[in-house]
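Data block below; observations after.
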Amino acid sequence: MNFSTLTKSLWLPFVATLLLLTTKAGAQGVTDITLEGKIDKYPIVMEISVWGGGGSIIGGSYYYKSKGPKNAIMLSEDQNIQQGEGTKPVLEESIDGKNTGAFYARYWDGEVMHGTWIRSKDGKQLPFSLKVTKRNWHYIE
């Protein structure tokens with residue numbers, strides 16, 4: 001291998017990396033996560049988006065498998081409630097802009113989430129347990 005070939009083989013990856021970094025300047029890494037499991041005995045699918053390295057949850061939705069994705073219930077993380085180390089999210093659900101319940105995660109390691117779901121109108125509590133079934137990482141501007 002001559003000097004010119006060696007220079008090109010080292011230079012090309014450097015330029016490609018530099019271009020990638022410049023195109024992503026100002027962009028944020030987001031992971032879209034699909035979890036499946038149950039609230040009590042009711043099978044659900046939850047889809048949430050998480051900033052960067054597993055920090056704050058942007059939001060998402062969930063639906064009961066028996067009702068299908070067209071009947072999804074919106075979710076957003078409640079940033080005002082601290083859960084211990086700050087690693088256990090509280091997800092508030094809403095239908096037509098009205099808070100209808102919340103998921104209080106007692107455990108969340110990025111693969112498994114379980115805790116208690118509480119209905120807003122009467123305080124009814126049910127256990128929930130979810131496991132990650134799909135993960136997709138991407139950038140958003």
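Note that the structure is a prediction, hence the values are computed from the model and not measured. The first residue of the sequence shown is numbered 1, and numbering continues consecutively from there. Below, all heavy atoms of this structure are taken into account, side chains as well, without hydrogens, waters or symmetry copies.
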| query | Between V30 and W137, is a side-chain contact (heavy atoms from CB on, under 4.5 Å) present by the stated rule, with each step listed? | reply | CA-CA 6 Å; V30 173; W137 192 84; over 6 Å; no
| query | For F103 and L75, what are the C-alpha separation, side-chain angles and deciding distance, and is it a side-chain contact (heavy atoms from CB on, under 4.5 Å)? | reply | CA-CA 9 Å; F103 289 85; L75 291 170; 3.9 Å; yes
| message | Between D40 and Y42 (side chain of the first, backbone of the second, donor and acceptor by atom type, cut-off under 3.5 Å), is there such a pair? | response | no
| Hey, does the side chain of N99 reach the backbone of G101 with a donor-acceptor pair shorter than 3.5 angstrom? | yes
| field | Single-linkage hydrophobic cluster Y63~W117, side-chain heavy atoms < 4.5 angstrom | value | no
| message | I'd like to know if M74 and V45 are part of one continuous hydrophobic network [Ile/Leu/Val/Met/Phe/Trp/Tyr, side-chain heavy atoms within less than 4.5 Å]. | response | no
| Identified side chain to side chain contact (heavy atoms under 4.5 Å, CB included) partner of V132 from the options E36, M46, E111 | E111
| message | For a 4.5 angstrom cut-off between non-hydrogen side-chain atoms, does I33 reach L35? | response | yes
| note | On a heavy-atom basis, the closest approach of M113 and A105 is CG-CB, 3.8 Å
| field | Taking every non-hydrogen atom, the tightest pair across Y64 and I44 | value | CD2-CG2, 3.6 Å
Roughly how far, to the nearest 0.5 Å, is the [atom2] atom of [Y] from the [atom1] atom of [X]?
X    : Y    : atom1 : atom2 : result
I118 : Y104 : CD1   : OH    : 5.0 Å
L130 : H114 : CG    : NE2   : 10.0 Å
L126 : K41  : CG    : NZ    : 10.0 Å
L91  : S61  : CG    : OG    : 11.0 Å
N71  : I95  : CG    : CD1   : 9.5 Å

| query | Between E47 and Y62, does any side-chain donor sit less than 3.5 Å from a side-chain acceptor? | reply | no
| said: Pairing donors with acceptors under 3.5 angstrom, does anything connect the side chains of S76 and E92? | reply: no
| So does E93 pair up with K98, basic N to acidic O under 4.0 Å? | no
